[in-house]
Undergrad: 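Got a structure for you, written out below as C-alpha coordinates; questions coming shortly.
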Amino acid sequence: MSAIDLVWFRRDLRLADLPTLLAVADTAAAVFVLDDVLLRPGPRRSFLFDCLRRLDEALAGRLLVTRGDPVAVIPALARELGAGAVHISADFGPYGSRRDRAVAAALGAVPLLPSGSPYVVAPGRIRKSDGTAYRVFTPFRRAWLEHGWRAPARTGPDTVRWLDPAGLGMRVPIPTDDGAVALPAAGEAAAAARWHSFLADGLDRYHRDRDRPDLSGTTGLSPYLKFGCLHPRTVLQDLRGRGDDAAATLRSELCWRDFYADVLHDRPDTAQRNYNPRFDRIRHDTGPDAQRLFEAWAQGRTGFPIVDAGMRQLLAQGWMHNRVRMIVASFLTKDLHLPWRWGARHFMRHLVDGDLASNQHGWQWTAGSGTDAAPYFRVFNPIGQGEKFDPDGDYVRRWVPELRGVAGKRVHRLADGRPPGYPEPIVDHAEERREALARYAETADRGD
DNA sequence: CCAAAGTTCGG
DNA sequence: CGAACTTTG
(Lines give C-alpha, C1' and ligand atoms only; values in the text may rest on other atoms or scores of the structure.)
Protein backbone atom coordinates (compact mmCIF):
# COMPACT_ATOMS: atom_id res chain seq x y z
CA MET A 1 0.00 0.00 0.00
CA SER A 2 1.31 3.36 -0.93
CA ALA A 3 1.96 6.00 1.67
CA ILE A 4 0.43 8.66 -0.50
CA ASP A 5 -3.13 9.09 -1.49
CA LEU A 6 -4.66 11.69 -3.68
CA VAL A 7 -7.71 13.55 -2.57
CA TRP A 8 -9.63 15.06 -5.39
CA PHE A 9 -11.58 18.16 -4.49
CA ARG A 10 -14.54 18.26 -6.70
CA ARG A 11 -14.92 21.66 -8.25
CA ASP A 12 -15.81 24.47 -5.92
CA LEU A 13 -17.12 22.49 -3.02
CA ARG A 14 -16.13 22.03 0.54
CA LEU A 15 -12.93 23.89 1.16
CA ALA A 16 -13.86 23.80 4.83
CA ASP A 17 -13.74 20.04 5.15
CA LEU A 18 -10.30 19.74 3.63
CA PRO A 19 -8.26 19.13 6.79
CA THR A 20 -10.61 16.51 8.16
CA LEU A 21 -10.70 14.70 4.89
CA LEU A 22 -6.97 14.63 4.59
CA ALA A 23 -6.56 13.48 8.16
CA VAL A 24 -8.49 10.39 7.17
CA ALA A 25 -6.12 9.77 4.32
CA ASP A 26 -2.97 9.69 6.45
CA THR A 27 -0.60 11.28 3.97
CA ALA A 28 -2.18 12.86 0.99
CA ALA A 29 -2.02 15.60 -1.53
CA ALA A 30 -5.04 17.74 -2.22
CA VAL A 31 -5.88 18.20 -5.85
CA PHE A 32 -8.26 20.94 -6.71
CA VAL A 33 -9.54 20.54 -10.25
CA LEU A 34 -11.03 23.74 -11.59
CA ASP A 35 -13.78 23.28 -14.08
CA ASP A 36 -14.52 25.60 -16.96
CA VAL A 37 -17.41 27.35 -15.29
CA LEU A 38 -15.13 28.60 -12.55
CA LEU A 39 -12.44 29.69 -14.95
CA ARG A 40 -14.70 32.33 -16.44
CA PRO A 41 -13.72 35.75 -15.17
CA GLY A 42 -16.07 37.24 -12.64
CA PRO A 43 -16.69 37.72 -8.93
CA ARG A 44 -17.05 34.02 -8.19
CA ARG A 45 -13.71 33.21 -9.78
CA SER A 46 -12.03 36.08 -7.96
CA PHE A 47 -13.48 35.00 -4.65
CA LEU A 48 -12.62 31.34 -5.17
CA PHE A 49 -9.06 32.19 -6.17
CA ASP A 50 -8.72 34.32 -3.06
CA CYS A 51 -9.95 31.38 -0.97
CA LEU A 52 -7.48 29.03 -2.63
CA ARG A 53 -4.63 31.45 -2.18
CA ARG A 54 -5.33 31.74 1.54
CA LEU A 55 -5.57 27.99 1.85
CA ASP A 56 -2.34 27.63 -0.06
CA GLU A 57 -0.60 30.03 2.29
CA ALA A 58 -1.92 28.26 5.35
CA LEU A 59 -0.64 24.99 3.97
CA ALA A 60 2.76 26.36 3.03
CA GLY A 61 2.17 26.09 -0.67
CA ARG A 62 1.27 22.41 -0.65
CA LEU A 63 -2.05 22.48 -2.44
CA LEU A 64 -2.28 21.26 -6.00
CA VAL A 65 -4.49 23.32 -8.22
CA THR A 66 -4.99 22.16 -11.72
CA ARG A 67 -7.56 22.04 -14.44
CA GLY A 68 -8.68 19.75 -17.18
CA ASP A 69 -10.62 16.55 -17.44
CA PRO A 70 -10.39 14.80 -14.08
CA VAL A 71 -10.37 11.40 -15.77
CA ALA A 72 -7.09 12.32 -17.44
CA VAL A 73 -5.57 14.65 -14.87
CA ILE A 74 -6.07 12.68 -11.68
CA PRO A 75 -4.39 9.42 -12.77
CA ALA A 76 -1.48 11.36 -14.29
CA LEU A 77 -0.95 13.20 -11.03
CA ALA A 78 -1.28 10.00 -9.06
CA ARG A 79 1.41 8.36 -11.21
CA GLU A 80 3.73 11.32 -10.88
CA LEU A 81 3.32 11.32 -7.11
CA GLY A 82 3.44 7.55 -6.79
CA ALA A 83 0.07 7.75 -5.12
CA GLY A 84 -2.00 4.76 -4.18
CA ALA A 85 -5.70 5.20 -3.73
CA VAL A 86 -7.56 8.12 -5.19
CA HIS A 87 -10.22 9.54 -2.94
CA ILE A 88 -13.12 11.77 -3.74
CA SER A 89 -13.47 14.54 -1.25
CA ALA A 90 -17.15 14.28 -0.85
CA ASP A 91 -20.57 13.22 -1.51
CA PHE A 92 -21.62 14.66 -4.79
CA GLY A 93 -23.23 18.00 -5.18
CA PRO A 94 -26.76 18.54 -6.38
CA TYR A 95 -25.93 19.02 -10.01
CA GLY A 96 -23.74 17.18 -12.43
CA SER A 97 -24.03 14.30 -10.04
CA ARG A 98 -24.49 11.67 -12.70
CA ARG A 99 -21.44 12.80 -14.62
CA ASP A 100 -19.38 12.99 -11.48
CA ARG A 101 -20.41 9.55 -10.39
CA ALA A 102 -19.26 8.26 -13.74
CA VAL A 103 -15.93 10.04 -13.36
CA ALA A 104 -15.47 8.61 -9.89
CA ALA A 105 -16.22 5.15 -11.17
CA ALA A 106 -13.76 5.58 -14.04
CA LEU A 107 -11.07 6.58 -11.54
CA GLY A 108 -11.90 3.84 -9.07
CA ALA A 109 -12.16 6.64 -6.56
CA VAL A 110 -13.35 6.10 -3.01
CA PRO A 111 -15.43 8.71 -1.19
CA LEU A 112 -13.68 9.68 2.03
CA LEU A 113 -16.49 10.86 4.22
CA PRO A 114 -20.19 10.43 3.70
CA SER A 115 -20.75 13.64 5.64
CA GLY A 116 -18.99 15.61 3.02
CA SER A 117 -21.84 17.38 1.30
CA PRO A 118 -21.92 21.15 1.73
CA TYR A 119 -25.51 20.88 2.94
CA VAL A 120 -27.10 20.10 6.26
CA VAL A 121 -28.61 16.97 4.76
CA ALA A 122 -27.16 15.68 1.50
CA PRO A 123 -29.42 16.08 -1.54
CA GLY A 124 -31.48 12.99 -2.23
CA ARG A 125 -31.90 11.88 1.37
CA ILE A 126 -35.10 13.64 2.44
CA ARG A 127 -37.92 11.76 0.82
CA LYS A 128 -41.64 11.32 1.33
CA SER A 129 -42.87 7.96 2.56
CA ASP A 130 -43.49 6.89 -1.04
CA GLY A 131 -39.82 7.55 -1.80
CA THR A 132 -40.30 10.56 -4.06
CA ALA A 133 -38.87 14.05 -3.67
CA TYR A 134 -40.79 16.89 -2.06
CA ARG A 135 -42.25 19.53 -4.35
CA VAL A 136 -43.36 21.94 -1.63
CA PHE A 137 -41.07 23.69 0.80
CA THR A 138 -43.03 23.57 4.05
CA PRO A 139 -43.45 19.78 4.25
CA PHE A 140 -39.81 19.44 3.20
CA ARG A 141 -38.81 21.68 6.09
CA ARG A 142 -40.84 19.64 8.55
CA ALA A 143 -39.03 16.50 7.41
CA TRP A 144 -35.71 18.34 7.35
CA LEU A 145 -36.10 19.57 10.93
CA GLU A 146 -36.87 16.04 12.06
CA HIS A 147 -33.96 14.55 10.12
CA GLY A 148 -30.76 14.23 12.10
CA TRP A 149 -27.49 15.75 11.01
CA ARG A 150 -23.97 14.93 11.99
CA ALA A 151 -21.55 17.41 13.47
CA PRO A 152 -19.69 19.60 11.01
CA ALA A 153 -16.16 18.72 10.09
CA ARG A 154 -13.51 20.16 12.32
CA THR A 155 -11.22 22.63 10.60
CA GLY A 156 -7.60 23.52 11.20
CA PRO A 157 -4.87 22.64 8.72
CA ASP A 158 -2.25 21.89 11.37
CA THR A 159 -3.64 18.42 11.97
CA VAL A 160 -2.63 17.30 8.50
CA ARG A 161 0.63 16.09 7.03
CA TRP A 162 1.13 17.35 3.56
CA LEU A 163 2.98 16.10 0.61
CA ASP A 164 5.37 18.56 -0.93
CA PRO A 165 4.51 18.73 -4.59
CA ALA A 166 7.53 20.87 -5.49
CA GLY A 167 8.62 20.23 -9.04
CA LEU A 168 5.29 18.96 -10.22
CA GLY A 169 4.83 20.27 -13.71
CA MET A 170 1.10 20.22 -13.42
CA ARG A 171 0.84 22.68 -10.62
CA VAL A 172 -1.02 25.77 -11.77
CA PRO A 173 -0.24 29.06 -10.07
CA ILE A 174 -3.39 30.58 -8.69
CA PRO A 175 -4.00 33.66 -10.78
CA THR A 176 -4.97 37.05 -9.41
CA ASP A 177 -8.00 38.85 -10.77
CA ASP A 178 -8.23 42.60 -10.86
CA GLY A 179 -10.27 44.15 -8.10
CA ALA A 180 -13.01 45.73 -10.20
CA VAL A 181 -15.66 44.34 -7.88
CA ALA A 182 -15.58 44.95 -4.13
CA LEU A 183 -15.69 41.42 -2.71
CA PRO A 184 -15.88 40.19 0.88
CA ALA A 185 -12.69 38.87 2.48
CA ALA A 186 -12.02 35.30 1.39
CA GLY A 187 -11.33 32.16 3.35
CA GLU A 188 -12.36 30.22 6.42
CA ALA A 189 -11.02 32.76 8.92
CA ALA A 190 -13.00 35.55 7.31
CA ALA A 191 -16.09 33.34 7.21
CA ALA A 192 -15.80 32.52 10.90
CA ALA A 193 -15.24 36.17 11.75
CA ARG A 194 -18.34 37.21 9.81
CA TRP A 195 -20.46 34.50 11.40
CA HIS A 196 -19.33 35.33 14.94
CA SER A 197 -19.88 39.02 14.48
CA PHE A 198 -23.35 38.32 13.09
CA LEU A 199 -24.10 36.08 16.08
CA ALA A 200 -23.03 38.86 18.42
CA ASP A 201 -24.98 41.74 16.96
CA GLY A 202 -26.94 40.74 13.88
CA LEU A 203 -28.98 37.73 14.85
CA ASP A 204 -31.30 39.50 17.27
CA ARG A 205 -32.31 41.91 14.53
CA TYR A 206 -32.39 39.28 11.80
CA HIS A 207 -36.07 38.41 11.88
CA ARG A 208 -36.99 42.10 11.77
CA ASP A 209 -34.36 43.50 9.40
CA ARG A 210 -33.51 40.78 6.90
CA ASP A 211 -35.91 42.19 4.31
CA ARG A 212 -34.47 45.69 4.54
CA PRO A 213 -31.81 46.37 1.91
CA ASP A 214 -31.09 49.74 3.51
CA LEU A 215 -30.14 48.18 6.86
CA SER A 216 -27.70 45.36 6.01
CA GLY A 217 -29.86 43.00 8.03
CA THR A 218 -28.73 39.83 6.26
CA THR A 219 -26.06 37.40 7.43
CA GLY A 220 -23.55 38.11 4.67
CA LEU A 221 -22.66 34.41 4.73
CA SER A 222 -23.78 33.38 1.25
CA PRO A 223 -20.34 33.45 -0.48
CA TYR A 224 -18.84 31.47 2.38
CA LEU A 225 -21.58 28.86 2.30
CA LYS A 226 -21.32 28.64 -1.45
CA PHE A 227 -17.60 27.89 -1.42
CA GLY A 228 -17.51 25.76 1.68
CA CYS A 229 -15.60 28.28 3.81
CA LEU A 230 -18.33 27.85 6.40
CA HIS A 231 -20.42 24.74 6.79
CA PRO A 232 -24.17 25.16 7.30
CA ARG A 233 -24.00 22.57 10.07
CA THR A 234 -21.59 24.84 11.94
CA VAL A 235 -24.27 27.50 11.81
CA LEU A 236 -26.95 25.08 13.04
CA GLN A 237 -24.70 23.85 15.81
CA ASP A 238 -24.09 27.39 17.05
CA LEU A 239 -27.85 28.04 17.00
CA ARG A 240 -28.72 25.03 19.12
CA GLY A 241 -30.99 25.82 22.03
CA ARG A 242 -32.27 29.03 20.49
CA GLY A 243 -35.98 28.86 19.84
CA ASP A 244 -36.58 32.52 19.03
CA ASP A 245 -37.87 33.91 15.74
CA ALA A 246 -34.45 34.96 14.51
CA ALA A 247 -32.93 31.51 14.96
CA ALA A 248 -35.97 29.84 13.42
CA THR A 249 -35.80 32.15 10.42
CA LEU A 250 -32.12 31.53 9.86
CA ARG A 251 -32.65 27.76 10.12
CA SER A 252 -35.40 28.10 7.61
CA GLU A 253 -33.14 29.96 5.19
CA LEU A 254 -30.56 27.19 5.44
CA CYS A 255 -33.36 24.75 4.75
CA TRP A 256 -34.23 26.61 1.53
CA ARG A 257 -30.67 26.04 0.42
CA ASP A 258 -31.00 22.31 1.10
CA PHE A 259 -34.45 22.21 -0.51
CA TYR A 260 -33.36 23.69 -3.82
CA ALA A 261 -30.25 21.49 -3.90
CA ASP A 262 -32.54 18.51 -3.39
CA VAL A 263 -34.92 19.65 -6.11
CA LEU A 264 -32.06 20.04 -8.57
CA HIS A 265 -30.64 16.69 -7.55
CA ASP A 266 -34.00 15.11 -8.29
CA ARG A 267 -34.56 17.10 -11.49
CA PRO A 268 -31.18 18.10 -13.01
CA ASP A 269 -32.98 19.26 -16.15
CA THR A 270 -34.55 22.13 -14.21
CA ALA A 271 -31.27 24.03 -14.21
CA GLN A 272 -32.30 25.06 -17.71
CA ARG A 273 -35.89 23.97 -18.17
CA ASN A 274 -39.14 24.90 -16.48
CA TYR A 275 -39.91 22.76 -13.48
CA ASN A 276 -43.58 23.13 -14.36
CA PRO A 277 -43.97 22.29 -18.07
CA ARG A 278 -47.06 24.46 -18.35
CA PHE A 279 -44.66 27.39 -18.61
CA ASP A 280 -43.11 25.97 -21.76
CA ARG A 281 -46.08 27.57 -23.47
CA ILE A 282 -45.71 31.06 -22.05
CA ARG A 283 -45.09 33.80 -24.58
CA HIS A 284 -41.82 35.71 -24.09
CA ASP A 285 -40.48 38.75 -25.88
CA THR A 286 -37.21 37.95 -27.63
CA GLY A 287 -36.51 40.34 -30.52
CA PRO A 288 -34.20 43.39 -30.71
CA ASP A 289 -36.61 45.42 -28.56
CA ALA A 290 -36.44 42.71 -25.90
CA GLN A 291 -32.64 42.82 -26.05
CA ARG A 292 -32.75 46.57 -25.50
CA LEU A 293 -35.02 46.19 -22.48
CA PHE A 294 -32.78 43.46 -21.09
CA GLU A 295 -29.75 45.71 -21.47
CA ALA A 296 -31.52 48.55 -19.62
CA TRP A 297 -32.36 46.11 -16.83
CA ALA A 298 -28.84 44.70 -16.64
CA GLN A 299 -27.25 48.15 -16.51
CA GLY A 300 -29.71 49.55 -13.97
CA ARG A 301 -31.34 52.08 -16.28
CA THR A 302 -35.00 51.05 -16.17
CA GLY A 303 -36.30 54.23 -14.56
CA PHE A 304 -37.59 52.22 -11.58
CA PRO A 305 -35.35 53.32 -8.68
CA ILE A 306 -35.33 50.15 -6.56
CA VAL A 307 -34.68 48.00 -9.66
CA ASP A 308 -31.85 50.22 -10.82
CA ALA A 309 -30.31 50.35 -7.36
CA GLY A 310 -30.26 46.57 -7.14
CA MET A 311 -28.82 46.00 -10.59
CA ARG A 312 -26.07 48.53 -9.92
CA GLN A 313 -25.27 47.00 -6.55
CA LEU A 314 -24.86 43.67 -8.34
CA LEU A 315 -22.32 45.12 -10.76
CA ALA A 316 -20.42 46.94 -8.03
CA GLN A 317 -20.35 44.25 -5.33
CA GLY A 318 -21.08 40.96 -7.02
CA TRP A 319 -23.99 40.73 -4.61
CA MET A 320 -27.55 41.97 -4.24
CA HIS A 321 -29.87 41.97 -1.26
CA ASN A 322 -32.30 39.05 -1.43
CA ARG A 323 -35.45 41.17 -1.28
CA VAL A 324 -34.14 43.22 -4.19
CA ARG A 325 -33.28 40.04 -6.12
CA MET A 326 -36.97 39.14 -5.98
CA ILE A 327 -38.01 42.61 -7.07
CA VAL A 328 -35.68 42.77 -10.08
CA ALA A 329 -36.56 39.18 -11.03
CA SER A 330 -40.26 39.94 -10.93
CA PHE A 331 -39.57 43.02 -13.05
CA LEU A 332 -37.68 41.06 -15.69
CA THR A 333 -40.24 38.28 -15.97
CA LYS A 334 -43.54 40.08 -15.37
CA ASP A 335 -42.88 43.66 -16.51
CA LEU A 336 -40.46 43.01 -19.38
CA HIS A 337 -41.85 39.55 -20.33
CA LEU A 338 -38.34 38.16 -20.82
CA PRO A 339 -37.36 34.52 -20.21
CA TRP A 340 -36.24 33.89 -16.64
CA ARG A 341 -33.09 32.21 -17.98
CA TRP A 342 -31.80 35.55 -19.26
CA GLY A 343 -31.94 36.98 -15.79
CA ALA A 344 -30.61 33.81 -14.18
CA ARG A 345 -27.61 33.81 -16.53
CA HIS A 346 -26.84 37.44 -15.75
CA PHE A 347 -27.04 36.69 -12.02
CA MET A 348 -24.71 33.69 -12.34
CA ARG A 349 -22.20 35.80 -14.22
CA HIS A 350 -22.14 38.53 -11.61
CA LEU A 351 -23.01 37.03 -8.23
CA VAL A 352 -20.14 36.04 -5.96
CA ASP A 353 -22.53 33.64 -4.20
CA GLY A 354 -24.10 32.41 -7.44
CA ASP A 355 -25.24 28.85 -6.87
CA LEU A 356 -26.94 26.95 -9.65
CA ALA A 357 -29.62 25.34 -7.50
CA SER A 358 -30.62 28.39 -5.47
CA ASN A 359 -30.29 30.78 -8.38
CA GLN A 360 -32.24 28.89 -11.01
CA HIS A 361 -34.98 27.85 -8.62
CA GLY A 362 -35.21 31.28 -7.05
CA TRP A 363 -35.79 32.62 -10.55
CA GLN A 364 -38.30 29.91 -11.33
CA TRP A 365 -40.15 30.67 -8.12
CA THR A 366 -40.52 34.30 -9.19
CA ALA A 367 -41.35 33.45 -12.78
CA GLY A 368 -44.06 31.09 -11.55
CA SER A 369 -42.59 28.01 -13.23
CA GLY A 370 -40.89 26.54 -10.18
CA THR A 371 -41.61 24.48 -7.08
CA ASP A 372 -44.08 26.07 -4.75
CA ALA A 373 -44.08 29.03 -7.06
CA ALA A 374 -45.53 32.44 -6.46
CA PRO A 375 -49.15 32.39 -7.65
CA TYR A 376 -49.22 33.96 -11.07
CA PHE A 377 -51.27 36.95 -9.93
CA ARG A 378 -48.55 37.97 -7.51
CA VAL A 379 -46.72 40.57 -9.51
CA PHE A 380 -44.39 42.74 -7.46
CA ASN A 381 -45.06 46.45 -7.72
CA PRO A 382 -41.53 47.89 -7.88
CA ILE A 383 -42.56 51.25 -6.45
CA GLY A 384 -44.64 49.79 -3.63
CA GLN A 385 -41.87 47.31 -2.79
CA GLY A 386 -39.36 50.14 -2.70
CA GLU A 387 -41.52 52.20 -0.35
CA LYS A 388 -42.15 49.24 1.89
CA PHE A 389 -38.65 47.79 2.21
CA ASP A 390 -36.51 50.90 1.67
CA PRO A 391 -38.80 53.27 3.57
CA ASP A 392 -36.39 56.20 3.75
CA GLY A 393 -34.93 55.69 0.29
CA ASP A 394 -31.39 55.27 1.62
CA TYR A 395 -30.70 52.14 -0.42
CA VAL A 396 -31.75 53.80 -3.67
CA ARG A 397 -29.70 56.92 -3.05
CA ARG A 398 -26.65 54.82 -2.19
CA TRP A 399 -26.64 53.06 -5.55
CA VAL A 400 -28.26 55.58 -7.87
CA PRO A 401 -26.25 58.81 -7.63
CA GLU A 402 -28.60 60.67 -9.99
CA LEU A 403 -31.28 60.44 -7.30
CA ARG A 404 -29.24 61.66 -4.34
CA GLY A 405 -30.95 65.05 -4.45
CA VAL A 406 -34.38 63.53 -3.81
CA ALA A 407 -35.12 63.29 -0.09
CA GLY A 408 -36.86 60.50 1.80
CA LYS A 409 -39.21 57.94 0.33
CA ARG A 410 -40.18 60.23 -2.52
CA VAL A 411 -37.14 58.83 -4.29
CA HIS A 412 -39.22 55.76 -5.19
CA ARG A 413 -42.22 57.41 -6.81
CA LEU A 414 -40.52 60.58 -8.14
CA ALA A 415 -43.93 62.25 -8.34
CA ASP A 416 -42.35 65.70 -8.62
CA GLY A 417 -40.33 64.78 -11.69
CA ARG A 418 -37.00 63.15 -12.47
CA PRO A 419 -33.58 64.68 -12.01
CA PRO A 420 -31.71 65.21 -15.28
CA GLY A 421 -29.85 62.08 -16.36
CA TYR A 422 -32.24 59.65 -14.68
CA PRO A 423 -34.31 57.71 -17.26
CA GLU A 424 -38.07 57.72 -17.67
CA PRO A 425 -39.70 54.37 -16.79
CA ILE A 426 -39.07 51.99 -19.68
CA VAL A 427 -42.51 50.38 -19.25
CA ASP A 428 -45.86 51.15 -17.64
CA HIS A 429 -46.14 48.81 -14.67
CA ALA A 430 -49.94 48.64 -14.50
CA GLU A 431 -50.13 47.86 -18.19
CA GLU A 432 -47.41 45.19 -18.11
CA ARG A 433 -48.99 43.58 -15.07
CA ARG A 434 -52.20 43.10 -17.07
CA GLU A 435 -50.15 41.80 -19.98
CA ALA A 436 -48.35 39.29 -17.76
CA LEU A 437 -51.65 37.97 -16.40
CA ALA A 438 -53.07 37.71 -19.92
CA ARG A 439 -50.06 35.73 -21.11
CA TYR A 440 -50.34 33.43 -18.14
CA ALA A 441 -54.01 32.79 -18.95
CA GLU A 442 -53.05 31.83 -22.51
CA THR A 443 -50.97 28.92 -21.24
CA ALA A 444 -54.09 27.23 -19.91
CA ASP A 445 -56.01 27.30 -23.20
CA ARG A 446 -54.51 24.33 -24.95
CA GLY A 447 -54.80 21.37 -22.65
CA ASP A 448 -52.48 18.41 -22.98
C1' DC B 1 -59.37 37.99 4.79
C1' DC B 2 -59.48 37.99 -0.15
C1' DA B 3 -58.28 37.12 -5.04
C1' DA B 4 -58.26 32.04 -8.99
C1' DA B 5 -57.27 27.73 -9.67
C1' DG B 6 -55.13 24.52 -8.80
C1' DT B 7 -51.52 20.86 -6.66
C1' DT B 8 -49.33 18.65 -2.86
C1' DC B 9 -49.18 16.30 1.38
C1' DG B 10 -50.50 13.44 4.95
C1' DG B 11 -53.93 10.91 7.23
C1' DC C 1 -60.41 13.89 1.53
C1' DG C 2 -59.40 18.07 3.79
C1' DA C 3 -55.98 21.43 4.81
C1' DA C 4 -52.17 23.88 3.44
C1' DC C 5 -49.60 26.31 0.18
C1' DT C 6 -42.32 32.21 1.83
C1' DT C 7 -41.49 36.58 0.00
C1' DT C 8 -48.57 40.66 -3.05
C1' DG C 9 -51.72 44.22 -3.69
Side-chain angles (χ1 to χ4, degrees), chain A residues 126-147 206-213 215 217-219 222 245-246 248-260 262-263 266-267 274-279 281-282 304 306-307 310 320-335 340 343 357-359 361-391 412-413 428-434 436-448:
Chain A
I126 303 233
R127 287 295 175 263
K128 291 180 297 196
S129 51
D130 67 0
T132 61
Y134 280 92
R135 305 162 73 88
V136 176
F137 173 71
T138 307
F140 177 89
R141 182 176 56 193
R142 188 158 35 243
W144 183 86
L145 286 168
E146 283 165 14
H147 195 285
Y206 183 64
H207 184 66
R208 196 181 72 233
D209 289 351
R210 58 181 291 275
D211 260 332
R212 287 283 300 274
L215 294 182
T218 58
T219 65
S222 58
D245 284 348
T249 305
L250 182 49
R251 269 186 213 107
S252 191
E253 293 305 309
L254 289 177
C255 185
W256 274 101
R257 190 171 168 276
D258 274 30
F259 176 58
Y260 280 149
D262 187 74
V263 170
D266 184 56
R267 291 278 310 278
N274 291 319
Y275 181 86
N276 177 353
R278 173 179 181 175
F279 279 77
R281 294 193 295 261
I282 203 139
F304 288 86
I306 192 87
V307 174
M320 194 194 305
H321 189 282
N322 177 252
R323 164 60 53 177
V324 188
R325 292 188 199 195
M326 294 190 282
I327 297 169
V328 304
S330 177
F331 190 80
L332 181 119
T333 54
K334 309 280 174 72
D335 285 81
W340 64 262
S358 298
N359 188 61
H361 279 283
W363 272 93
Q364 294 218 45
W365 181 86
T366 308
S369 66
T371 47
D372 220 3
Y376 70 89
F377 57 88
R378 279 192 199 162
V379 177
F380 283 46
N381 180 327
I383 294 168
Q385 288 277 313
E387 288 174 336
K388 184 168 178 188
F389 295 107
D390 180 28
H412 293 293
R413 202 166 288 274
D428 180 290
H429 173 69
E431 199 175 299
E432 303 309 339
R433 178 179 193 278
R434 282 192 296 275
L437 299 187
R439 292 189 188 202
Y440 178 85
E442 288 171 15
T443 66
D445 289 345
R446 288 159 282 169
D448 56 330

Undergrad: What is the distance, to the nearest angstrom, from the NZ atom on A/Lys334 to the C1' atom on C/dT7?
TA: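 A/Lys334 atom NZ is separated from C/dT7 atom C1' by 12 Å.
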Undergrad: Say you pick atom P in B/dA3 and the same atom in C/dC1; how far apart are they, in whole Å?
TA: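 Per the computed distance, 23 Å lies between those P atoms.
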Undergrad: OP1, OP2 of C/dG9 versus side-chain N and O of A/Arg378: anything below 4.0 Å?
TA: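 Indeed not, no polar side-chain atom of A/Arg378 lies that close.
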Undergrad: Could you list all the side chain to side chain donor-acceptor pair (under 3.5 Å) pairs where at least one residue sits in residues 378-388 of chain A, not counting sequence neighbours?
TA: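 Checked against side chain to side chain donor-acceptor pair (under 3.5 Å) - neighbours excluded - the pairs reaching residues 378-388 of chain A are A/Arg323-A/Gln385, A/Glu387-A/Arg413.
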Undergrad: Are A/Asp258 and A/Arg141 ion-paired here, with the side-chain N under 4.0 Å from a carboxylate O?
TA: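 Salt bridge: no.
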Undergrad: What are the 5'-most and 3'-most nucleotides of DNA chain B lying under 4.0 Å from any heavy atom of chain A?
TA: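 Reading along DNA chain B, I get B/dA3 to B/dG10.
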Undergrad: For the pair made of CH2 in A/Trp365 and P in C/dC5, what is the distance, rounded to whole Å?
TA: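 After rounding, the reported distance stands at 14 Å.
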Undergrad: Tell me: CZ of A/Arg141 to C1' of C/dA4, nearest whole Å?
TA: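 Taking CZ of A/Arg141 and C1' of C/dA4, I get 12 Å after rounding.
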Undergrad: Expressed in angstrom and rounded to an integer, what is the separation of A/Phe377 atom CZ from C/dC5 atom P?
TA: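 Checked: the CZ to P distance equals 15 Å.
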Undergrad: Could you tell me the Watson-Crick or G-U partner of B/dG6, where both distances fall under 3.5 Å? Say none if there is no partner.
TA: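 The base-pairing partner of B/dG6, which may sit in any strand shown, is C/dC5.
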Undergrad: Keeping the roles fixed (side chain from A/Thr443, backbone from A/Arg439), state whether a donor-acceptor pair exists under 3.5 Å.
TA: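 No.
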Undergrad: Looking at DNA chain B, which of residues 380-389 of chain A put a heavy atom within less than 4.0 Å of it?
TA: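 Correct list: empty, so none.
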Undergrad: For A/Tyr134, which contact category applies under a 4.0 Å heavy-atom criterion: base, sugar-phosphate, or nothing?
TA: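 A/Tyr134: backbone/sugar contact only, no base atoms under 4.0 Å.
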Undergrad: Distance check, P atoms only: C/dG9 and B/dT7, in whole angstrom units.
TA: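 The answer is 26 Å between these two P atoms.
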Undergrad: Would you check if the side chain of A/His412 reaches a backbone N or O of A/Asp390 as a donor-acceptor pair within less than 3.5 Å?
TA: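 Indeed, once roles are kept as given, a pair shorter than 3.5 Å links the two residues.
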